[in-house]
Amino acid sequence: MADPSNEVCPDFNGDAYTDIREDISRATGATQEAIVLRLSQSWTIGHNQRVDEWNQNRERELADAAEADRARAAQEDEARAQQEAEDERERVEVEKKKPKMNGFNDRASVGDTLAPRPSQYATQKLNNFEYIELWYFSPDGCKEALRTARSVADDFGLTRVDDQLTIRPAYAFKASKAAVADHDLPFSTFLRSKNLFLMQLSKAKWPQTHIDALSLFFWRLENHSIRNHSDLGDLVVLHYASRVRQDWHDRLKRDEAFNIAIINEILLRSINEELWDKVRSQNFATVRFS
């Protein structure tokens, strides 16, 4: 529909309307001037109505278009906000997975001594709260870790850390062929090894209660009176430490662990008798076949 405001009133006094004027004049007896005036007034009334309707329809169309624009803008804003939120979540996840570098004390220098570094195999065992022989924390174990890291630096494998596959050096998965059981260590090496072992527990973020229990466990064995009252005292302590610590880890996995710091004197005496029986058997065999 065209805009009626552009319409022009017809010339009712023109020749095109002569017949209409005469018909109206015969029917009503009105003069030509009155008929032209009446037709013009009638057309004007209709014209104004059409203009009003046009304007109202136009206003409704403009209002509907504005409402549609607002609705579309709101949808776009919502979609943009959702996308920004999703982008932010993805950014946070990426940040979580990125390696973090801690700061440093710009007033402190390196210490006077450097602690030996155990192998990645041993470190991984501690990170997983698993049993590991103390040999890995001995001077020989740390020296072998350094040699192995240099010789197989380009050999890598896959491991799962925090539900993600991670590339690690292959030697981080392999136990050392040179490793020995705790009870086969020289007693002085046992004491040195447990010190580094306890230090590494803190770095591996073990619960402090477990670290304290192990510290007290080793201290009580190191200072146990059996070392002074038996010629096999050191060997008895080594066997006790080796067996009890292995059993403690086994029970931790089953959620049945005991307080390792409490020394079982009955078990200690039993191990002492067991080792003395072996000595007596060996001496008997030596005498018998000599």
Side-chain angles (χ1 to χ4, degrees), residues 95-139 141-142 145 159-164 166 168 172-173 175-176 179 181-183 185 187-227 234 237-268 271:
E95 286 296 322
K96 286 181 180 179
K97 296 175 183 178
K98 286 176 61 176
K100 298 294 189 299
M101 178 176 286
N102 295 328
F104 61 91
N105 186 345
D106 58 359
R107 297 183 178 181
S109 69
V110 66
D112 296 335
T113 59
L114 295 176
R117 297 172 64 92
S119 68
Q120 286 200 27
Y121 171 78
T123 301
Q124 188 62 32
K125 284 284 190 178
L126 293 185
N127 289 338
N128 293 334
F129 307 125
E130 297 178 359
Y131 175 82
I132 182 71
E133 292 83 357
L134 291 179
W135 176 87
Y136 286 94
F137 306 91
S138 69
C142 292
T159 186
R160 184 173 293 277
V161 178
D162 296 332
D163 294 329
Q164 293 183 347
T166 303
R168 291 185 181 274
F173 306 103
S176 172
D182 290 359
H183 54 267
L185 291 172
F187 198 80
S188 60
T189 302
F190 168 79
L191 295 180
R192 293 182 63 181
S193 301
K194 60 91 174 173
N195 291 336
L196 179 58
F197 169 74
L198 292 172
M199 290 174 55
Q200 293 296 319
L201 293 184
S202 296
K203 294 181 179 180
K205 301 188 183 307
W206 277 44
Q208 191 59 45
T209 52
H210 294 60
I211 298 175
D212 292 343
L214 283 168
S215 299
L216 189 56
F217 168 73
F218 287 121
W219 184 87
R220 286 174 172 171
L221 288 179
E222 181 181 355
N223 293 278
H224 198 280
S225 59
I226 197 170
R227 295 187 59 209
D234 286 354
V237 167
L238 289 174
H239 275 268
Y240 181 94
S242 178
R243 299 179 194 182
V244 170
R245 195 164 65 86
Q246 177 70 74
D247 186 55
W248 186 64
H249 274 275
D250 291 342
R251 291 177 178 270
L252 279 173
K253 293 179 181 179
R254 302 193 301 268
D255 197 20
E256 301 173 352
F258 49 86
N259 185 354
I260 195 172
I262 301 175
I263 306 302
N264 189 318
E265 299 295 338
I266 296 176
L267 177 60
L268 194 70
I271 293 174

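Just so we're clear, the structure is a prediction, and the values are computed from it rather than from any experiment.
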Asker: Partners of Phe218 by ring pair (Phe, Tyr, Trp, His ring centres under 6.0 Å), sequence neighbours excluded?
Answerer: Phe190
Asker: Under 3.5 Å, is there a donor-acceptor pair between the side chain of Lys100 and the main chain of Lys98?
Answerer: yes
Asker: Output the distance between atom CD (Gln124) and atom OG (Ser119), rounded to the nearest 0.5 Å.
Answerer: 10.5 Å
Asker: Classify the angle between the aromatic ring planes of Trp248 and Trp206 as parallel (below 30°), tilted (30 to 60°) or perpendicular (above 60°).
Answerer: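 Because their plane-to-plane angle lies in the 30° to 60° range, the rings of Trp248 and Trp206 count as tilted.
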Asker: Considering all heavy atoms of both residues, which atom of Leu238 and which atom of Asp182 are nearest to each other, and what is their separation?
Answerer: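 So the two residues come closest at CD2-O, 3.8 Å.
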Asker: Rounded to the nearest 0.5 Å, what separates atom CD in Gln200 from atom CG in Asn127?
Answerer: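 Answer for the CD-CG pair, Gln200 versus Asn127, is 9.5 Å.
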Asker: Thr123 side chain to Gln120 main-chain N or O, any donor-acceptor pair under 3.5 Å?
Answerer: no
Asker: Which atom pair, heavy atoms only, marks the closest approach of Ser242 to His183?
Answerer: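 Heavy atoms only, the tightest pair is OG-ND1, 3.1 Å.
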Asker: Is Arg251 salt-bridged to Asp247, cutoff N-O under 4.0 Å?
Answerer: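 Looking at Asp247 together with Arg251, the answer is yes, because their closest N to O distance falls below 4.0 Å.
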Asker: Rounded to the nearest 0.5 Å, how far does CD of Glu133 lie from OG of Ser138?
Answerer: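 Going from the OG atom of Ser138 to the CD atom of Glu133 covers 11.0 Å.
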Asker: Does the Arg245 side chain pair with the main chain of Ile132, one donor and one acceptor, at a distance under 3.5 Å?
Answerer: yes
Asker: State whether the side chain of Tyr136 and the backbone N or O of Ser176 hold a donor-acceptor pair below 3.5 Å, judged by distance alone.
Answerer: yes
Asker: Could you measure the distance from the CG atom of Leu185 to the CZ atom of Arg192? Nearest 0.5 Å is fine.
Answerer: 12.0 Å
Asker: So, Tyr240 side chain and Glu265 main chain: donor-acceptor pair closer than 3.5 Å or not?
Answerer: no
Asker: Does atom CG of Asn105 have more than 12 heavy-atom neighbours, drawn from other residues, nucleotides or ligands, at distances under 6.0 Å?
Answerer: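 It does: Asn105 CG has more than 12 such atoms within range.
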Asker: Ala145 and Pro118: which non-hydrogen atoms are nearest, and at how many Å?
Answerer: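 Reported closest heavy-atom pair: CB-C, 4.0 Å.
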Asker: If we only count heavy atoms from C-beta on, is the Tyr131 to Leu252 side-chain gap below 4.5 Å?
Answerer: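 Of all side-chain heavy-atom pairs linking Leu252 with Tyr131, none is under 4.5 Å.
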Asker: Give me the atom names and distance for the closest heavy-atom approach of Ser193 to Phe137.
Answerer: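 Taking Ser193 first and Phe137 second, the nearest heavy atoms are O-CB, 3.5 Å.
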Asker: Working to the nearest 0.5 angstrom, can you tell me the gap between Leu201 CG and Phe129 CZ?
Answerer: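 Nearest 0.5 Å value for the CG-CZ distance: 10.0 Å.
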Asker: What's the spacing between Ile263 CD1 and His224 NE2 if we round to 0.5 Å?
Answerer: 7.0 Å
Asker: Please say whether more than 12 non-hydrogen atoms of neighbouring residues, nucleotides or ligands are located less than 6.0 Å from CZ in Arg117.
Answerer: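 No.
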Asker: Hey, which of Ile260, Asn259, Ile262 is the one that makes side-chain contact (heavy atoms from CB on, under 4.5 Å) with Phe217?
Answerer: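 Only match with Phe217 under side-chain contact (heavy atoms from CB on, under 4.5 Å): Ile260.
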